[in-house]
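Proteins come first, then strands; the chains are lettered A, B, ... in the order of their sequence lines, and each starts at number 1.
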2 protein chains.
Amino acid sequence: MKNITSQQSKVLDCIQIHIKKTGFPPTRADICKELGFKSPNSAETHLRALEKKGFINIESGTSRGISITNPEAEVQEDEYPIIGLVAAGSPTLATENVEKVFNCPKGFFGSNFDYFLRVRGLSMKDAGIMEDDLIAVKKTQDIRNGDIVIARIDDEVTVKYFHRHSPNIVHLQPANEEFSDIEIDLKETELFIEGKSVGLIREN
Amino acid sequence: MKNITSQQSKVLDCIQIHIKKTGFPPTRADICKELGFKSPNSAETHLRALEKKGFINIESGTSRGISITNPEAEVQEDEYPIIGLVAAGSPTLATENVEKVFNCPKGFFGSNFDYFLRVRGLSMKDAGIMEDDLIAVKKTQDIRNGDIVIARIDDEVTVKYFHRHSPNIVHLQPANEEFSDIEIDLKETELFIEGKSVGLIREN
DNA sequence: AATTATACTGAATATATATACAGTATAATA
DNA sequence: TATTATACTGTATATATATTCAGTATAATT
């Protein structure tokens with residue numbers, strides 16, 4: 001996305017405003033009227049420049065065939081799958097585990113994420129994570145001590161605090177007195193980190 | 001909004017899909033192509049029917065001048081204020097207490113709500129409500145025993161479980177051993193119920 | 001010094017598009 | 001029974017619209 005000139009920016013604004021106001025994009029003539037141009041070619045050349053720079057897309061031979069390339073600045077809602085926390089067995093993101101999809105704006109929790117995990121059990125109760133809560137999971141290996149991770153040990157999926165104080169020993173710590181720490185020797189046991197929690201949603 | 005026929009519904013869907021896909025509404029010909037009509041007048045009459053019933057608006061003499069009257073059915077994101085839990089003094093929803101606004105689709109938590117409350121303290125810790133969490137508050141007086149309410153006693157705002165087992169005695173119960181019940185005699189003390197919690201959001 | 005991008009006017013035109021008119025047919029309503 | 005709504009085909013056309021071509025002028029690059 002290259003830099004935009006002052007006039008091109010006005011034209012881009014004009015398009016956005018027209019769509020918001022009327023529901024459909026402007027014609028060349030509409031733009032001229034709005035911005036005071038006397039020739040439709042003034043609008044045309046600006047549109048071509050905006051297209052070349054990647055701000056808009058022009059459908060050739062189509063009336064009002066202008067679409068704004070980057071609606072990121074706008075709403076951008078997306079569907080995220082809700083995955084049931086399967087006790088054992090199948091891999092986490094398998095299709096059969098998708099409970100339903102949940103509409104949530106992108107970047108709702110500041111950072112991006114990949115899916116929601118439906119919480120089972122109360123092992124993270126003291127971290128305010130309750131049964132049936134939805135954890136927003138970001139698939140990443142960039143984990144720091146104290147992060148809440150979604151981990152897989154021997155096909156069992158669990159949500160815990162992550163702590164690693166020596167190279168081969170990882171502690172998966174619950175937030176509930178009734179549960180005890182899981183200590184994992186990476187030389188003996190395989191640990192797969194699915195991702196980490198970046199947010200939480202609870203529906204009452 | 002009158003009832004819609006099956007064919008008209010298809011045409012309406014077609015318009016919505018076209019806008020979503022291309023960024024601009026379809027022409028009569030586009031609709032024909034999509035739905036298999038052989039005459040542009042087929043689309044035209046359906047459009048007129050949809051306009052008459054209030055589902056769409058048609059800008060006369062304008063190419064692709066179709067706009068959908070009720071975009072409610074679509075995404076419908078809205079801005080909700082985040083209110084800081086003020087310890088004492090000013091009324092809760094006063095403008096000076098608005099921390100910022102938060103974009104969230106309407107009906108995100110199943111039911112509607114009015115604002116987000118930023119949680120201070122850990123009095124509801126065992127209910128999984130932690131410091132800095134955002135509680136989705138629905139302003140209502142329709143409270144049942146066990147609901148999490150936002151209550152005001154003498155200008156102090158608090159979040160607690162609501163219990164009323166006799167007509168004049170209300171218990172506001174925390175979810176934390178370190179806090180004790182608040183018993184309110186409605187004949188002596190004024191209790192104002194701001195609303196109840198319908199959901200929760202946590203940003204990690 | 002030559003080229004390219006920006007920023008316009010003005011005119012011309014092929015075609016994309018809305019829209020009216022003429023029919024046919026069926027189901028619902030008054 | 002007459003009327004209206006629905007659901008189409010098919011043709012025609014005025015005009016809305018994209019788009020090209022011919023210019024003029026200034027600022028920014030190469």
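- Using a 4.0 Å heavy-atom cutoff across all strands shown, B/Thr27 reaches sugar-phosphate atoms only and no base atom.
- Around the CD atom of B/Glu34, the shell of radius 6.0 Å holds no more than 12 heavy atoms that belong to other residues, nucleotides or ligands.
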> What is the per-nucleotide protein-contact pattern of nucleotides 20-30 of chain D, from the 5' end, where B denotes a base atom under 4.0 Å from a protein heavy atom, S denotes such proximity for sugar-phosphate atoms only, and - denotes neither?
Replying inline: BBB--------

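- Atom pair B/Asp30:CG and C/dA16:P shows a separation of 11 Å (rounding to whole Å applied).
- The distance from atom CG of A/Leu47 to atom C1' of C/dC8 is 14 Å, rounded to the nearest whole Å.
- Applying the 4.0 Å criterion to OP1 and OP2 of C/dT17, one finds that B/Arg28 has every side-chain N and O outside that range.
- A donor-acceptor contact under 3.5 angstrom links the side chains of A/Lys160 and A/Ser123, judged on distance only.
- A sub-4.0 Å separation between OP1 or OP2 of C/dT19 and a side-chain N or O of B/Ser60 is present.
- DNA chain C is contacted by both A/Gly36 and A/Ala49; A/Ala49 maps to the nucleotide lying nearer its 5′ end (nearest heavy atom per residue).
- A close approach under 4.0 Å does not occur between any side-chain nitrogen or oxygen of A/Lys10 and OP1 or OP2 of C/dC8.
- To the nearest angstrom, P of C/dA5 lies 18 Å from CD of A/Gln7.
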Would you tabulate the side-chain donor-acceptor contacts of residues 182-193 of chain A under 3.5 Å, counting partners in other chains and residues two or more places apart, or write 'none'?
{"from": "A/Glu183", "atom 1": "OE1", "to": "A/His171", "atom 2": "NE2", "distance (Å)": "3.4"}
{"from": "A/Asp185", "atom 1": "OD1", "to": "A/Lys187", "atom 2": "N", "distance (Å)": "3.0"}

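- Remark: B/Lys53 is not in phosphate contact with D/dA5, judged by side-chain N or O atoms under 4.0 Å from OP1 or OP2.
- One finds a side-chain N or O of B/Ser63 lying less than 4.0 angstrom from the OP1 or OP2 phosphate oxygen of D/dT17.
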>> If you apply the rule side chain to side chain contact (heavy atoms under 4.5 Å, CB included), what do you find for A/Ile169 with A/Arg164, and how did you get there?
In response: CA-CA 6 Å; A/Ile169 306 293; A/Arg164 172 193 258 165; over 6 Å; no

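- Under 4.0 angstrom from either OP1 or OP2 of C/dA7 there lies at least one side-chain N or O belonging to A/His46.
- A straight line from CD of A/Glu51 to P of C/dA5 spans 15 Å, rounded to a whole angstrom.
- In this structure, B/Gly61 and B/Gln8 both approach DNA chain D, and ranking their closest nucleotides by distance from the 5' end singles out B/Gln8.
- Nucleotide D/dT6 holds its P atom 10 Å from the CD1 atom of B/Ile4, rounded to whole Å.
- Distances from the side chain of A/Lys38 to the nucleotides D/dT9, C/dT9, C/dT17 place C/dT9 closest.
- Without hydrogens or angle criteria, B/Thr69 side chain to B/Ile56 main chain gives a donor-acceptor distance under 3.5 Å.
- A/Asn57 has its side chain out of reach of A/Ile66: every pair of non-hydrogen atoms, C-beta onward, lies at least 4.5 Å apart.
- The CG-C1' distance, from A/Leu35 to C/dT9, rounds to 16 Å in whole Å.
- For B/Lys33 and C/dT17, the NZ to C1' distance is 15 Å, given to the nearest whole Å.
- A perpendicular orientation is assigned to the rings of A/Phe116 and A/Phe109, their planes being inclined by more than 60° (bins at 30° and 60°).
- Within the structure, every side-chain polar atom (N or O) of A/Thr5 is placed at least 4.0 Å from both OP1 and OP2 of C/dT6.
- Straight-line distance from the CD1 atom of A/Ile58 to the P atom of D/dA18: 10 Å, rounded to whole Å.
- Side-chain contact between A/Asp30 and A/Lys33: absent, with no pair of heavy atoms (C-beta onward) separated by less than 4.5 Å.
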